[in-house]
Amino acid sequence: MIKNRKILILEDELIVGLDLQEILIQEGYKTNLVHSFEEGMLELTTFQPQLILCDINLNGRANGIDFAKESIKIYPFTEVIYITSPRVS
């Protein structure tokens, strides 16, 4: 593990995002949690993560794939891992 590696978590489900963040912090990573495409784009330029954990199914105008496409235009060497789960009604 690279100490102090920064990970941006884009997850619109609060509990899932907080759980991921807690685990990563315990492992020594610096994390920021955002809940929408727009929040993610703002945080991307200030936090400058080396890795993005990105929910595919976001609420709102854009999904996680759209976010990843836009983020790699700004930071082409940032790695992206997609995460998702089925919506339960």
Side-chain angles (χ1 to χ4, degrees):
M1 173 182 78
I2 300 171
K3 291 289 183 186
N4 296 320
R5 188 165 183 177
K6 295 191 284 187
I7 301 174
L8 180 63
I9 304 165
L10 175 56
E11 172 58 65
D12 60 347
E13 296 291 332
L14 180 61
I15 300 298
V16 174
L18 290 173
D19 285 346
L20 283 170
Q21 187 174 40
E22 181 180 341
I23 291 165
L24 292 167
I25 289 170
Q26 288 175 3
E27 292 297 321
Y29 296 99
K30 292 182 179 181
T31 66
N32 276 8
L33 174 61
V34 295
H35 307 289
S36 70
F37 177 93
E38 293 79 14
E39 279 183 89
M41 292 308 294
L42 289 173
E43 194 63 28
L44 186 65
T45 55
T46 57
F47 187 56
Q48 299 179 354
Q50 287 85 33
L51 175 67
I52 300 169
L53 294 180
C54 188
D55 183 9
I56 293 174
N57 298 316
L58 298 173
N59 292 322
R61 69 173 183 87
N63 63 33
I65 295 170
D66 297 327
F67 178 80
K69 287 178 182 177
E70 290 301 313
S71 67
I72 60 174
K73 289 178 186 176
I74 300 169
Y75 296 107
F77 299 107
T78 300
E79 299 174 31
V80 178
I81 297 174
Y82 293 114
I83 55 177
T84 196
S85 65
R87 298 258 181 219
V88 178
S89 303

Joint cluster assignment, Leu24 & Leu18, ILVMFWY side-chain distance < 4.5 Å: yes
Ile74 with Ile52, same ILVMFWY side-chain cluster at under 4.5 Å: yes
Sequence-distant partners of Ile15, side chain to side chain contact (heavy atoms under 4.5 Å, CB included), two or more places apart: Asp19
Distance, nearest 0.5 Å, that separates CG of Leu20 from CD1 of Ile9: 5.5 Å
4.5 Å side-chain heavy-atom contact, Tyr29 and Leu51: no
Ser71 vs Thr78 side-chain heavy atoms within contact, under 4.5 Å: no
Partner residues of Glu39 under the salt bridge (charged side-chain N to carboxylate O under 4.0 Å, His left out) criterion, sequence neighbours left out: none
Candidate pair Val34 and Leu44, rule side-chain contact (heavy atoms from CB on, under 4.5 Å), full reasoning: CA-CA 10 Å; Val34 295; Leu44 186 65; over 6 Å; no
Partner residues of Glu22 under the salt bridge (charged side-chain N to carboxylate O under 4.0 Å, His left out) criterion, sequence neighbours left out: none
Residues which pass side chain to side chain contact (heavy atoms under 4.5 Å, CB included) with Ile56, listed by chain and number, not counting sequence neighbours: Ile65, Tyr82, Thr84
Distance, nearest 0.5 Å, that separates CZ of Phe37 from CG of Asp66: 6.5 Å
Value rounded to 0.5 Å, distance of CG in Asn32 from OG1 in Thr46: 7.0 Å
Closest heavy-atom pair and its distance - Ala62, Leu58: O-CB, 3.7 Å
Cys54 side, atom SG; Ile83 side, atom CD1 - distance, nearest 0.5 Å: 7.5 Å
Test side chain to side chain donor-acceptor pair (under 3.5 Å) applied to Tyr75 - qualifying residues, sequence neighbours left out: Gln48
CG on Leu10 to CG on Asp12, rounded to 0.5 Å: 7.5 Å
Sequence neighbours excluded - salt bridge (Lys or Arg N to Asp or Glu O under 4.0 Å) pairs with any residue from residues 72-85: Arg5-Glu79, Glu70-Lys73
Cluster link Ile81 to Leu33, ILVMFWY, side chain under 4.5 Å: yes
Nearest non-hydrogen partners of Phe67 and Leu8, listed with the distance: CZ-CD2, 4.0 Å
Value rounded to 0.5 Å, distance of CD in Gln50 from CD1 in Ile7: 8.5 Å
Side chain to side chain donor-acceptor pair (under 3.5 Å) partners for Thr31, two or more places apart: Gln21
